[in-house]
Amino acid sequence: GNIDMSDLKAKAEQHKNNLAALMVTYPSTYGVFEDGIIDIIDTVHTNGGQVYMDGANMNAQVALTSPARIGADVCHLNLHKTFCIPHGGGGPGVGTIGVAKHLAPFLPGHPVQAVGGEGINVKEKADTPVSAAPYGSAAILPISWMYIKMMGEPGLKKATQIAILNANYMAKRLEAHYPILYRGSNGQCAHEFIIDLRPFKQFGVTEEVCWKGGMKGGREGGREG
């Protein structure tokens, strides 16, 4: 489930004259903190590319690590799941875009209200809009703001630790009954894990059957992001 470093380095070198960017999810959708994440990002940078980090799994990073720490250039921070917005049915896809300071001047503006982001090296502008609302969703963003303010760094850190602890507890309880795919080099997972249902398909048990069963029991189906 990890990135093949030899293949990545070979392809990055081969396409270095045209390499734009690499998108990476950290921890991965397999539920693994890849040991080589910094090497992956350094490889892309060395060959002239930028790194976009998918923030879908930030609830396994908050207050423990960060996109900046591993060297990512751009990150989309999903507010659902990590920052208290409902996930799935009823949870709008709202997120903040974070960029390194060398990309800050290129953040989008808005023709009605000049904007350009906040932080170092930002530049207000009245063009290149990406949203009708220059400041995002006024109905959604205050919820995440209040969650972060009330939790504080200690609370956010504990939420991350509990997410990782819960996933490893569940994997340990289930491993005797279901194959658990992909674990980190330390034998543990991040905030989620994958159960292999292929051995059960001969009995008509599919991912959809399990998902619908979970929904009937009042649980969200196993789809993250």
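- Side-chain heavy atoms closer than 4.5 Å link hydrophobic residues (I, L, V, M, F, W, Y) into clusters, and following such links, even through other members, never connects Phe106 to Val115.
- One finds the CD1 atom of Ile40 at 3.5 Å from the CD1 atom of Ile3 (value rounded to the nearest 0.5 Å).
- Sequence neighbours left out, the pairs with a member in residues 193-209 that pass side-chain hydrogen bond (donor to acceptor under 3.5 Å, both in side chains) are Asp196-Arg198, Lys201-Glu207, Glu208-Lys212.
- Glu124 contributes atom CD, which lies 12.0 Å from atom CG of Leu107 (distance to the nearest 0.5 angstrom).
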Please tabulate, one pair per line, all N/O donor-acceptor pairs under 3.5 Å involving side-chain atoms of residues 144-159, not counting sequence neighbours.
from	atom 1	to	atom 2	distance (Å)
Ser144	OG	Phe83	O	2.9

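- To the nearest 0.5 Å, atoms CG (Leu174) and CD1 (Ile195) are separated by 5.0 Å.
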Apply side-chain contact (heavy atoms from CB on, under 4.5 Å) to the pair Val74 and Met53, showing each step before the final yes or no. CA-CA 6 Å; Val74 185; Met53 198 204 86; over 6 Å; no

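- Checking Asn121 against His102 by side-chain atom types alone, no donor-acceptor pair falls below 3.5 Å.
- A donor-acceptor contact shorter than 3.5 Å links the side chain of Asp4 to the backbone of Asp7.
- The line from CG of Asn59 to CD1 of Ile162 is 13.0 Å long, rounded to the nearest 0.5 Å.
- For His110 (side chain) and Ser131 (main-chain N/O), a donor-acceptor pair under 3.5 Å exists by modelled atom type.
- The shortest distance between side-chain heavy atoms of Tyr52 and Val24 does not fall below 4.5 Å.
- Residues Val99 and Asp73 have side chains not in contact (no heavy-atom distance under 4.5 Å, counting atoms from C-beta outward).
- Counting only distance, with no hydrogens or angles, the side chain of Lys125 and the backbone of Pro105 share a donor-acceptor pair below 3.5 Å.
- Contact annotation: the side chain of Arg183 approaches that of Glu175 to within less than 4.5 Å [non-hydrogen atoms, C-beta and beyond].
- In this structure the side chain of Asn2 never reaches within 4.5 angstrom of the side chain of Tyr182, judged on heavy atoms.
- Take His15 and apply the side chain to side chain contact (heavy atoms under 4.5 Å, CB included) test, not counting sequence neighbours, and it matches Lys11.
- Residue pairs meeting the salt bridge (Lys or Arg N to Asp or Glu O under 4.0 Å) criterion with at least one partner in residues 37-61, sequence neighbours excluded, are Lys9-Asp39.
- Clustering ILVMFWY residues whenever any of their side-chain heavy atoms sit less than 4.5 angstrom apart, transitively, puts Met5 in the very cluster that holds Val44.
- A 4.5 Å side-chain heavy-atom check between Lys81 and Asn57 finds at least one atom pair inside the cut-off.
- Formation of a donor-acceptor pair under 3.5 Å by the His45 side chain with backbone atoms of Gln50 is not found in this model.
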Under 3.5 Å, sequence neighbours excluded: what are the donor-acceptor pairs made by side chains of residues 61-71?
from	atom 1	to	atom 2	distance (Å)
Gln61	NE2	Tyr26	O	2.8
Ser66	OG	Arg69	N	3.1
Arg69	NH1	Leu64	O	3.4

Checking Tyr30 against Leu181 for the side-chain contact (heavy atoms from CB on, under 4.5 Å) test, could you report, in this order, the C-alpha distance in whole Å, the side-chain angles of both residues, the deciding distance, and whether it holds? CA-CA 8 Å; Tyr30 299 119; Leu181 297 179; over 6 Å; no

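- A 4.5 Å side-chain heavy-atom check between Cys75 and Ile97 finds every atom pair outside the cut-off.
- Rounding to the nearest 0.5 Å gives a distance of 6.5 Å between CG of Leu8 and CG of Leu22.
- With rounding to the nearest 0.5 angstrom, the CG atom of Asn168 is 8.0 Å from the CG atom of Asn186.
- A continuous path of Ile, Leu, Val, Met, Phe, Trp and Tyr side chains, each step under 4.5 Å between heavy atoms, connects Leu77 with Phe33, placing both in one hydrophobic cluster.
- Sorted by first then second residue, the salt bridge (Lys or Arg N to Asp or Glu O under 4.0 Å) pairs that include residues 12-27, not counting sequence neighbours, are Glu13-Lys16.
- Taking the six-membered ring for Trp and the full ring otherwise, the centers of Phe200 and Tyr178 sit less than 6.0 Å from each other.
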